[in-house]
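Okay, so here's the structure we're looking at.
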Amino acid sequence: MATNKSNVTLTGLARRFVEDGLLDEATAKDAFLQASQNRIPLITYLVQNNLADSRGLAFSAAMEFGVSVLDLGAFLPEMLPEKIVDEKLVRKHNALPLYKRGNRLFIAVSDPTNIQALDEIKFNTGLSTDAVLVDDAKLRESIDKYLESQDTTMGDLDDADLEGVETEGGDGEDDGAVSATEVDDAPIVKYVNKMLLDAIRGGASDIHFEPYEKIYRVRYRTDGMLKEMSRPSIKLAPKISARVKIMAQLDISERRVPQDGRIKMKLSKTKAIDFRVNTLPTLWGEKIVLRILDPSQAKMGIDALGYEEDQKQLYLDALKQPQGMILVTGPTGSGKTVSLYTGLNILNTAEINISTAEDPAEINLEGINQVNVNTKVGLGFAEALRAFLRQDPDVIMVGEIRDLETANIAIKAAQTGHMVLSTLHTNSAAETLTRMMNMGVPAFNIATSVSLIIAQRLGRRLCAACKEPLKVPTEILLEEGFTQEQIDTGFTLYRPKGCDKCNGGYKGRVGIYEVVKITDELANMIMEEASSIQIAKQAQAQGFRNLRQSALRKVIEGVTSLEEANRVTKD
């Protein structure tokens, strides 16, 4: 049953607004009734219906309750606390979280009588809530900007940061849920470009775009560790995926099978970064991973990679040989490609013909003939190698030896006057040799072709600005693998602390290597088909350090921590 406004007695704010001349009594009574029926604050109803000036209402309410009015113009969206109050509550109560001090959350409201808002937010967040009075019109404007910033993580985009950035991509048409217009939507384009630029600036190696049922997140892998960087709205997932796929010249209408592509981002006339792109259909959409490929990594020089002096010399001596095979082994992401390309860069002169077969080529180097293998059209590693041998080669690089056919051709090339570089996925130098035997390669061929094996890992470098000394008992040091001689000589162990210049106490990565030259003794053991354990013992007896010993050297030198050495190497 409707209430007659003649029966309404004005009290509180409504009465104050009439006394201050902001409303006449009839308008105030009608507004009070309508706001009550619509279950919205009186001030919000007055501003939405242009019945009074929002600034005047704010100051009148401030006088009524004896509080001051805060200017929301002093608060930028990025200054406000992220994801602390659910979007539905912010919209429902027209209430904006401003800042948090200890266990108290300060909420901007335009109606100080809106106790329900404070109570619901308090229940939802578990924090005590305090109201801060603001202008209703500015409040709604700030809420829109805040939620847009939270949903898309585009609120802090700076156009100046993106000037001069160009990406090479293909045109695509989508017959699915995302239109070409939406894909070329300026905020989406800016957002994806910013994610790529931020990853480059932060020294990330990979970017993960990951859809889930209720969230969409973006993670960077920096110094070997993944860290969440952004949570755009799940509604933007199809648009972001389609945008990345168009940049990588992929089919945006195909979402059922994985796809591979490449993006070239031109940062300036002289600087460009490549991204290797892979899409994967998951339960809630396409996960996209971008590997950042920086050609400058191959030109850092061998001294920057972390080889000990004797290990570096073994590598350089092997590269000077006119023939033979150099094998680099380690898990995915251990820096094998950079090690190989550093060697190729040393060999890359006008007098030498270098050809590579990769899946796909990760680092572009002028002067090297690079081939992407494509099994769909019958161009595998073996086919590419056969073609190389008819191209008058001096140096051949095979991305990976995966099968017996590829191994046999690579060994034949190494035995007939060519330098061959390649990778395998094994855990140590000794296991690389036995892996090739298990493939079916004759032991004699392995012993006469392989000249050097490099097993490697990447460990995080301690931040020079904040690392702090750590005391460890001698018994623990001996258990960890340090020798009594090393302990007697004396050294200082360091641990990560963390500062504004690093990521949790670490900054950058360093290579940890096991470099084994195939000596006559090791060659004899290979031909006798010795086990990997026997070969490893012989290698150590001849002075070749294993991965664990090399990692402990980095700990002694203060380059990394014992904790990090334990993470990347095992006895």
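As a basis for the values below, the full set of heavy atoms in this structure was taken, side chains included, without hydrogen atoms, waters or symmetry mates. Note that the structure is predicted; figures quoted are calculated from it, not measured.
Considering only residues two or more places apart in sequence or on other chains, Glu431 meets the salt bridge (charged side-chain N to carboxylate O under 4.0 Å, His left out) condition with none of them. Scanning for ring-ring contact (aromatic ring centres under 6.0 Å, His included) contacts around Tyr494 gives an empty result, with sequence neighbours left out.
Nearest heavy atoms, Ala410 versus Val420: O-CG2, 3.7 Å. The two residues Thr569 and Leu547 make their nearest non-hydrogen contact at CG2-O, 3.9 Å. Residue Val472 comes nearest to Leu493 through the heavy atom pair CG2-CD2, 3.7 Å, listed as atom of the first residue, atom of the second, then distance. Shown here for Arg243 and Ile188, the closest heavy-atom pair between the two residues is CB-CG2, 3.9 Å. Shown here for Ile396 and Ala413, the closest heavy-atom pair between the two residues is CD1-CB, 4.3 Å. Here the shortest heavy-atom pairing between Gly330 and Lys336 reads O-NZ, 3.1 Å.
The main-chain N or O of Gln370 is never found under 3.5 Å from a side-chain atom of Glu358 such that the two would form a donor-acceptor pair. No donor-acceptor distance shorter than 3.5 angstrom exists from the side chain of Thr222 to the backbone of Gly203, with no hydrogens or angles considered. For the pair Asn524 (side chain) and Asp520 (backbone), a donor-acceptor distance under 3.5 Å is present. In this structure, the side chain of Asn348 engages the main chain of Glu366 through a donor-acceptor pair within 3.5 Å. Lys287 contributes no side-chain N or O that, together with a main-chain N or O of Asn278, makes up a donor-acceptor pair within less than 3.5 Å. Between the side chain of Thr423 and the backbone N or O of Gly399, at least one donor-acceptor pair lies under 3.5 Å. Gln486 places a side-chain N or O within donor-acceptor distance of the main-chain N or O of Thr483, the cut-off being under 3.5 Å.
For the pair Asp310 and Arg545, the salt-bridge criterion is met [side-chain N within less than 4.0 Å of a carboxylate O]. One finds a salt bridge joining Lys554 and Glu308 here, because a Lys/Arg side-chain nitrogen approaches an Asp/Glu carboxylate oxygen to under 4.0 Å. Under the 4.0 Å criterion applied to side-chain N and carboxylate O atoms, Lys245 and Glu286 are assigned as salt-bridge partners. Salt bridge status for Asp359 with Arg402: present, with a side-chain N to carboxylate O gap under 4.0 Å. Between Glu228 and Arg219 there is no salt bridge, since no side-chain N of the basic residue sits under 4.0 Å from a carboxylate O of the acidic one. Taking 4.0 Å as the cut-off between side-chain N and carboxylate O, Arg460 and Asp223 do not count as a salt-bridged pair.
No hydrogens or angles considered: nothing links the side chains of Asn353 and Asp394 as a donor-acceptor pair under 3.5 Å. A side-chain donor from one of Asp403 and Thr406 sits under 3.5 Å from a side-chain acceptor of the other. With no hydrogens or angles considered, no side-chain donor-acceptor pair links Asp317 and Gln321 at under 3.5 Å. The closest side-chain donor-acceptor pair between Asn566 and Arg548 falls under 3.5 angstrom. In the model, Tyr216 has no side-chain atom that pairs as donor or acceptor with a side-chain atom of Arg231 under 3.5 Å. In the model, Thr279 has no side-chain atom that pairs as donor or acceptor with a side-chain atom of Glu254 under 3.5 Å. No side-chain donor from either of Gln538 and Gln534 sits under 3.5 Å from a side-chain acceptor of the other. For the residue pair Asn408 / Asn445, no side-chain donor-acceptor distance below 3.5 Å is found, with atom types taken as modelled.
Other residues, nucleotides and ligands contribute at most 12 non-hydrogen atoms within 6.0 Å of the CD atom of Glu485. By the 6.0 Å contact criterion, CG on Asn438 is enclosed, its count of non-hydrogen atoms from other residues, nucleotides or ligands being greater than 12. Other residues, nucleotides and ligands place no more than 12 heavy atoms under 6.0 Å from the CZ atom of Phe444.
Proximity of Val398 to Phe388: side-chain heavy atoms (C-beta onward) are nowhere separated by under 4.5 Å. Pro281 has its side chain out of reach of Arg255: every pair of non-hydrogen atoms, C-beta onward, lies at least 4.5 Å apart. Residues Phe209 and Ser241 fail the side-chain proximity criterion, which asks for heavy atoms closer than 4.5 Å. With a 4.5 Å cut-off on side-chain heavy atoms, Leu293 and Phe275 do not count as touching. In this structure, the side chains of Pro496 and Cys463 stay at 4.5 Å or more apart for every pair of heavy atoms. Contact of the Trp284 side chain with the Glu213 side chain is registered, since non-hydrogen atoms from C-beta on lie closer than 4.5 Å.
With respect to Val441, the side-chain contact (heavy atoms from CB on, under 4.5 Å) criterion is satisfied by exactly one of Leu404, Leu433, Ile401, Val450: Leu404.
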Exercise. Can you list the steps and then say if Lys517 with Phe544 is a side-chain contact (heavy atoms from CB on, under 4.5 Å)?
Worked result: CA-CA 8 Å; Lys517 177 184 177 182; Phe544 301 118; 3.9 Å; yes
Problem set entry | Val555/Phe482 under side-chain contact (heavy atoms from CB on, under 4.5 Å): CA gap, chis, key distance, verdict | CA-CA 10 Å; Val555 174; Phe482 294 97; 3.9 Å; yes
Problem set entry | Trace of the side-chain contact (heavy atoms from CB on, under 4.5 Å) decision for Met436 with Leu424 | CA-CA 9 Å; Met436 293 186 75; Leu424 274 88; 4.0 Å; yes
For this session: Decide salt bridge (charged side-chain N to carboxylate O under 4.0 Å, His left out) for Glu564 and Arg457; before the verdict, give the C-alpha distance in whole Å, the side-chain angles of both, and the deciding distance to 0.1 Å.
Result: CA-CA 11 Å; Glu564 183 68 3; Arg457 302 289 187 275; over 6 Å; no
Exercise. What do the steps show when you test Leu452 against Val516 for side-chain contact (heavy atoms from CB on, under 4.5 Å), and what is the final call?
Worked result: CA-CA 6 Å; Leu452 190 77; Val516 177; over 6 Å; no
Atom pairs and distances, side-chain donor-acceptor, residues 505-515, under 3.5 Å, sequence neighbours left out:
from	atom 1	to	atom 2	distance (Å)
Tyr506	OH	Ser561	OG	2.7
Tyr513	OH	Leu305	O	3.0
Glu514	OE1	Ala429	N	3.3

